[in-house]
Student: 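For reference, the structure I am asking about is given below.
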2 protein chains.
Amino acid sequence: MSIFMRPSQALRLWQQVSLAEVRADTPDLTMRQMAILLTIYLDPPPHTVRGLAAKLGVTKPVITRALDTMGSLKLVSRHRDERDRRNVLVRRTVEGALFVERFGDVIIAKSAELPL
Amino acid sequence: MSIFMRPSQALRLWQQVSLAEVRADTPDLTMRQMAILLTIYLDPPPHTVRGLAAKLGVTKPVITRALDTMGSLKLVSRHRDERDRRNVLVRRTVEGALFVERFGDVIIAKSAELPL
DNA sequence: CGGTATCATTTCGGCTCCGTACCATTCAAT
DNA sequence: ATTGAATGGTACGGAGCCGAAATGATACCG
């Protein structure tokens with residue numbers, strides 16, 4: 001079923017979630033990194049660098065560097081595709097799943113508090 | 001009225017909006033800049049540097065620099081408070097209002113497309 | 001007045017990110 | 001075996017942002 005929101009509620013929701021993220025001492029992800037992370041965790045695998053770059057409309061180095069950063073945060077991991085060793089498959093991690101889950105909880109909590 | 005969302009819907013919504021923003025050729029705002037901008041446009045004025053810094057839980061230079069950036073994008077404007085010339089009052093602009101309005105439209109559109 | 005507090009900005013060194021261009025590896029076709 | 005295409009990664013110069021500390025301007029208060 002569709003969600004119904006009024007513009008003021010939509011904007012207020014985004015503000016509240018952004019404020020919560022800024023205040024939190026969790027590592028700050030850029031909008032691009034967040035889009036990549038959520039795509040990895042929401043869209044069906046496999047995920048390759050090129051595929052992600054195409055989906056985001058950005059260049060490959062953007063993906064490579066974002067994976068470097070999020071990899072060092074243990075939010076994602078990289079593995080060579082053994083069937084075609086040119087490919088790198090991006091996989092989820094336990095830490096990443098927890099991060100995404102916690103982020104979803106923040107959105108839910110803030111949406112429940114929205115004023116009329 | 002509260003909004004009801006399931007976690008998968010909340011995360012999918014955030015992904016779709018982030019993807020739309022990354023793909024768009026509009027200037028990329030950081031999460032902090034977005035939080036500041038939405039606060040200026042949603043919370044009642046007046047908005048000072050110190051007040052925004054306190055609300056975001058960040059240092060003042062963060063606000064000053066964000067206002068520099070968004071000011072050059074004409075999304076906000078600064079004016080000295082004539083009653084207490086130490087203060088800088090941050091004000092909305094026509095361009096900023098349009099930007100925020102358009103952003104709200106994106107959220108609404110993506111929320112309407114959410115899968116079950 | 002003089003001294004202190006308040007507010008915003010600037011400065012500094014350091015870090016991350018950007019896009020373009022180039023490189024290394026692997027595969028597939030000949 | 002050789003060539004060409006495809007995939008990821010790397011090097012580089014430039015730009016933006018970070019926090020801490022110093023600076024400048026204004027207000028308050030004795």
Side-chain angles (χ1 to χ4, degrees), chain A residues 18-19 21-40 45-91 99, chain B residues 18-19 21-40 45-91 99:
Chain A
S18 298
L19 280 175
E21 287 303 300
V22 170
R23 281 179 191 276
D25 54 359
T26 65
D28 256 18
L29 296 189
T30 66
M31 182 117 62
R32 289 174 172 201
Q33 290 168 343
M34 188 63 83
I36 294 170
L37 187 68
L38 289 175
T39 295
I40 292 167
H47 299 288
T48 64
V49 172
R50 247 193 164 63
L52 290 169
K55 189 166 299 196
L56 283 261
V58 298
T59 58
K60 280 175 300 176
V62 169
I63 305 295
T64 294
R65 286 184 293 245
L67 294 179
D68 288 344
T69 300
M70 294 192 289
S72 71
L73 296 172
K74 310 229 189 256
L75 298 179
V76 300
S77 67
R78 276 189 274 207
H79 304 272
R80 278 280 164 200
D81 181 352
E82 287 306 327
R83 296 189 302 179
D84 182 343
R85 297 185 50 78
R86 288 174 301 184
N87 286 329
V88 164
L89 302 179
V90 183
R91 294 220 289 256
F99 182 92
Chain B
S18 298
L19 279 176
E21 287 304 300
V22 170
R23 282 179 191 277
D25 55 359
T26 65
D28 258 17
L29 297 189
T30 67
M31 183 119 58
R32 289 173 172 202
Q33 290 169 343
M34 188 63 82
I36 294 169
L37 186 68
L38 289 176
T39 295
I40 293 166
H47 299 289
T48 63
V49 172
R50 198 174 241 338
L52 290 169
K55 189 165 299 197
L56 282 263
V58 297
T59 59
K60 283 175 295 177
V62 169
I63 304 296
T64 293
R65 284 185 293 246
L67 294 179
D68 287 344
T69 300
M70 294 193 290
S72 72
L73 295 172
K74 309 225 191 258
L75 298 179
V76 299
S77 66
R78 276 189 275 206
H79 304 272
R80 278 281 163 197
D81 180 353
E82 287 305 327
R83 296 188 302 178
D84 181 344
R85 297 185 52 77
R86 289 173 301 181
N87 286 328
V88 165
L89 302 179
V90 183
R91 293 220 290 256
F99 181 92

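In what follows, chains carry the letters A, B, and so on, assigned in the order in which the sequence lines appear, proteins first and then strands, with residues in each chain numbered from 1.
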Student: Partners of R91(A) by side chain to side chain donor-acceptor pair (under 3.5 Å), sequence neighbours excluded?
Tutor: H79(A)
Student: Could you work out, with salt bridge (charged side-chain N to carboxylate O under 4.0 Å, His left out) as the rule, every residue matching R86(B), not counting sequence neighbours?
Tutor: D84(B)
Student: For Q33(B), give me all partners under side chain to side chain donor-acceptor pair (under 3.5 Å), at least two apart in sequence or on another chain.
Tutor: none
Student: Name all residues meeting the side chain to side chain contact (heavy atoms under 4.5 Å, CB included) criterion together with L89(B); count only those two or more places apart in sequence or in a different chain, and write none if there are none.
Tutor: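 Expected list: P46(B), T48(B), D81(B).
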Student: Using five base pairs at each end to define the local axes, how bent is the helix from dC1(C)-dG30(D) to dT30(C)-dA1(D), to the nearest 10°?
Tutor: 10°
Student: Under 3.5 Å, is there a donor-acceptor pair between the side chain of H47(A) and the main chain of I40(A)?
Tutor: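 Present.
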Student: Looking at residues at least two apart in the chain, or sitting in another chain, which of them share a side chain to side chain donor-acceptor pair (under 3.5 Å) with T59(A)?
Tutor: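 Partners of T59(A) by the side chain to side chain donor-acceptor pair (under 3.5 Å) criterion come out as none, since no residue qualifies.
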Student: Which nucleotides of nucleotides 5-17 of chain D have their base under 4.0 Å from a protein heavy atom (B), which only their sugar-phosphate (S), and which neither (-), written as one string 5' to 3'?
Tutor: -BBBBB------S
Student: I'd like to check the salt bridge (charged side-chain N to carboxylate O under 4.0 Å, His left out) partners of R85(B); sequence neighbours left out, ordered by chain and number.
Tutor: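 If we apply the salt bridge (charged side-chain N to carboxylate O under 4.0 Å, His left out) test to R85(B), skipping adjacent residues, the hits are E82(B).
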Student: Using heavy-atom distances to pick each residue's nearest nucleotide on DNA chain C, tell me which of D81(A) and T59(A) is more 5'.
Tutor: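 Per heavy-atom nearest nucleotide, the more 5' residue is T59(A).
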Student: Quick check on DNA chain C: between E82(A) and A66(A), whose nearest nucleotide comes earlier from the 5' end?
Tutor: A66(A)
Student: How would you list, by chain and number, every residue that makes a salt bridge (charged side-chain N to carboxylate O under 4.0 Å, His left out) with R78(B), sequence neighbours excluded?
Tutor: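 D68(B).
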Student: Going 5' to 3' along DNA chain C, which are the first and last nucleotides with any atom under 4.0 Å from a heavy atom of chain A?
Tutor: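 Nucleotide range with atoms under 4.0 Å of chain A: dC17(C) to dC27(C).
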Student: Quick one: list whatever passes side chain to side chain donor-acceptor pair (under 3.5 Å) with T69(A), sequence neighbours left out.
Tutor: none
Student: List for me each residue that meets salt bridge (charged side-chain N to carboxylate O under 4.0 Å, His left out) alongside R23(A), sequence neighbours excluded, and say none if there are none.
Tutor: none
